[in-house]
Amino acid sequence: MTSTTRIDRRAFMVRAGALGGVAVAAGGCASVSTSAGAPAKPTGTPRRGRQARNVIFMVSDGMSTGTLTLADMASRERTGRASAWSRLWGIEGARRAVCRTHAADSLVTDSSAAGSAWGIGEHINNGAVNFTPDGRTPTPILVQARENGFSTGLVTTTRVTHATPASFVANVPSRAQEGAIARQIMDRRLDVVLGGGAKHFPGSLLEAHADATVVRTAAELAGATDDGGRLLGVFNREHMSYELDRPEDEPHIRDMTRAALSRLSSRADGFVLQVEGGRVDHAAHANDACSLLGEQAAFDEALDEAVRFTMGRDDTLLIATTDHANANPGLTLYEEPGNTGFERLMRGRRSFDWIGDQLSAAGSPDEVMGVLPMLVYQATGVELRDADRAWLHRHFVDHERADGFTAVSGFGPVLGAVLANSLGVAFVSPNHTADMVEVTALGPGSERLAPTIDNIDLHALMVGALDLRAAGA
Ligand SMILES: [Zn+2]
């Protein structure tokens, strides 16, 4: 391992040349045991034909191109530097693709079908996790990687049992089966798992896996010594807090990423790690522009951490992407209103979740309207105008439809639309969209990234770079 800050291009070229004729291995299709019995030991030794020793798979969940753009603009404004993602494009050897996203049964994908496209290399129906329409349960990529001798990890800001982390490790017919996903996470013996979702790891489950170290606060994570064993960090019963609301005892996604990379890179035989900025998606669903920027900016810091790791060596394939676009936000007011709006956006202090929590104390719709303007001001710095208040009144008190498009009728979209007058950022809906999405890759194996791909192609890219074989092959 070198400590240079520049990728060794020569080593890249040698590897790429030597491996030019190697076919991409087919994804394994063996079903995996989910019993809590004796854990399977890794059966393989690392393949000599592999191009990459490690894969870091970075997911900003539900990231429309507009979200990436807003975070880049904010980074330039705040620090004078482009976002880590934007800087990644300028690194010699980095490759980019636009990626189509869809599920087997839907042109607009959800996270579990999109994640499963990476996890098993197949299109499945929305709502399922690595469970095909004809009932098969192909081996997810982290399980296959472990069978091939690699260490494995998941980092997320959602519950660790949520769709995107689950899509790398679990097989369940419904993403809602988070208890079963938690059991599979433990049974399948990942080395590092960090995020929210403590409620799905009851004492009985942890007692059955007493060898795993469990940490529950940022301080415990920072203080945990690496004994070579498994680490489970669950820092919230539910999803972790939005970055704007994050209490000190919940670690930043950058710190979770750093901890995971430190542990996994100390293991003997390479690793596969997924890092998910999972609440980018939630803020987009909520049409909460301030939180959306907060989440994407936090994810960008984690990506910066991953890029630094990758640049310091020549054996790691880094992939940065999203599973689907969501709500397609954009700064859309000209001149002074747009410029001032963006300044306000960068000063956002609290999420819509926080506003909702405060509102839960209010009783009648009129009481809600009595406190809402003050809460909006505290959260966003926006003083609602009379016309804005009238619009909110129409929604909360009169229960009138807010828009011709019926999807745009909930609390988030109505408040988000009103705030667009002051923040300049508008949303197309509170749903995922079918837009093509960004993929950026760096490191050995990235040369196989074609300019336009389908989301299932990223599974083959990882399998090929690591030369993963089906168990027993
Ligand atoms: Zn998603």
Shortest non-hydrogen contact from A82 toward R76: CB-NH2, 3.4 Å
Out of I185, T161, L205, which one pairs with H200 under the side chain to side chain contact (heavy atoms under 4.5 Å, CB included) rule? T161
Could you report the tightest heavy-atom contact between C99 and D454, atom names first, then the distance? SG-C, 3.8 Å
Kindly check if the number of other-residue, nucleotide or ligand heavy atoms within 6.0 Å of CE (M346) is above 12? yes
Would you call L273 and V155 a side-chain contact if the rule is heavy atoms closer than 4.5 Å? yes
Donor-acceptor pair, E295 side chain versus L292 backbone, under 3.5 Å? no
By side-chain hydrogen bond (donor to acceptor under 3.5 Å, both in side chains) - contacts of E77 (at least two apart): none
Validation row: V425, F342 side chains within 4.5 angstrom (heavy atoms): no
Salt bridge (Lys or Arg N to Asp or Glu O under 4.0 Å) test vs R279 passes for just one of D245, D61, D353, namely D353
For D226, the salt bridge (Lys or Arg N to Asp or Glu O under 4.0 Å) test, sequence neighbours excluded, returns R263, R267
So, applying side-chain hydrogen bond (donor to acceptor under 3.5 Å, both in side chains) with W85, which one of D304, D72, D300, T440 is it? T440
Quick one: are T152 and V192 in side-chain contact, heavy atoms under 4.5 Å? no
How long is the span from the CG atom in L261 to the CD1 atom in I56, to the nearest 0.5 Å? 4.5 Å
Within the 4.5 Å heavy-atom criterion, are N130 and T139 side-chain neighbours or not? no
Begin from the C-alpha positions of D255 and R258 and carry the test side chain to side chain contact (heavy atoms under 4.5 Å, CB included) through to its verdict. CA-CA 5 Å; D255 299 328; R258 187 181 296 151; 3.7 Å; yes
Side chain H162, main chain T164, donor-acceptor under 3.5 Å: no
Restricting to side-chain hydrogen bond (donor to acceptor under 3.5 Å, both in side chains), what partner residues turn up for Q274, sequence neighbours left out? none
Is any side-chain heavy atom of M186 closer than 4.5 Å to a side-chain heavy atom of F201? yes
In short, ring pair (Phe, Tyr, Trp, His ring centres under 6.0 Å) pairs touching residues 122-147 with sequence neighbours left out are H102-H123
Is the closest side-chain heavy-atom distance between T433 and N326 below 4.5 Å? no
Are the side chains of L68 and F299 in contact, using a 4.5 Å heavy-atom criterion? no
Looking at SG of C290 and CG of L70, how far apart are the two atoms once the value is rounded to the nearest 0.5 Å? 10.5 Å
Apply the test side chain to side chain donor-acceptor pair (under 3.5 Å) to residues H209 and D187: give CA-CA distance (whole Å), side-chain angles for both, the deciding distance (0.1 Å), then the verdict. CA-CA 8 Å; H209 296 276; D187 291 346; 3.1 Å; yes
If I compare all heavy atoms of N126 with all of S112, which pair ends up nearest, and what's the gap? C-OG, 4.3 Å
Which atom pair, heavy atoms only, marks the closest approach of P413 to V408? CB-CG1, 3.7 Å
Run the salt-bridge test on D110 and R175 with the 4.0 Å N-O cut-off and return the result as yes or no. yes
Take R246 and E243 through the test salt bridge (charged side-chain N to carboxylate O under 4.0 Å, His left out) and record every step on the way to the result. CA-CA 5 Å; R246 184 172 58 83; E243 186 58 26; 3.0 Å; yes
Can you list the steps and then say if R189 with D211 is a salt bridge (charged side-chain N to carboxylate O under 4.0 Å, His left out)? CA-CA 10 Å; R189 301 189 68 80; D211 63 293; 3.0 Å; yes
Can you confirm whether or not the ring centre of F352 sits under 6.0 Å from the ring centre of Y242? no
Give the C-alpha distance, both sets of side-chain angles, the deciding distance and a yes or no for side chain to side chain contact (heavy atoms under 4.5 Å, CB included) between L231 and V193. CA-CA 6 Å; L231 177 67; V193 178; over 6 Å; no
Carefully, step by step, assess R469 and E147 under the rule salt bridge (charged side-chain N to carboxylate O under 4.0 Å, His left out). CA-CA 9 Å; R469 310 287 172 86; E147 288 170 352; over 6 Å; no
Suppose we screen for salt bridge (Lys or Arg N to Asp or Glu O under 4.0 Å). Which residues come up paired with R96, at least two apart in sequence or across chains? E438
Let me see the working for F309 and R313 under side chain to side chain contact (heavy atoms under 4.5 Å, CB included), right down to the final yes or no. CA-CA 7 Å; F309 179 91; R313 46 203 298 152; 3.4 Å; yes
Contacts of D435 that satisfy salt bridge (Lys or Arg N to Asp or Glu O under 4.0 Å) - sequence neighbours left out: none
Minimum heavy-atom distance between W118 and T322, given as atom pair plus value: CZ2-O, 3.5 Å
Could you check L468 against I141 for side chain to side chain contact (heavy atoms under 4.5 Å, CB included), going step by step and ending with a plain yes or no? CA-CA 9 Å; L468 297 183; I141 190 153; 4.1 Å; yes
Looking only at non-hydrogen atoms, find the nearest pair between N125 and A104 and report the distance. OD1-CB, 3.4 Å
Less than 4.5 Å apart, side chain to side chain, heavy atoms only: is that true for S106 and V108? yes
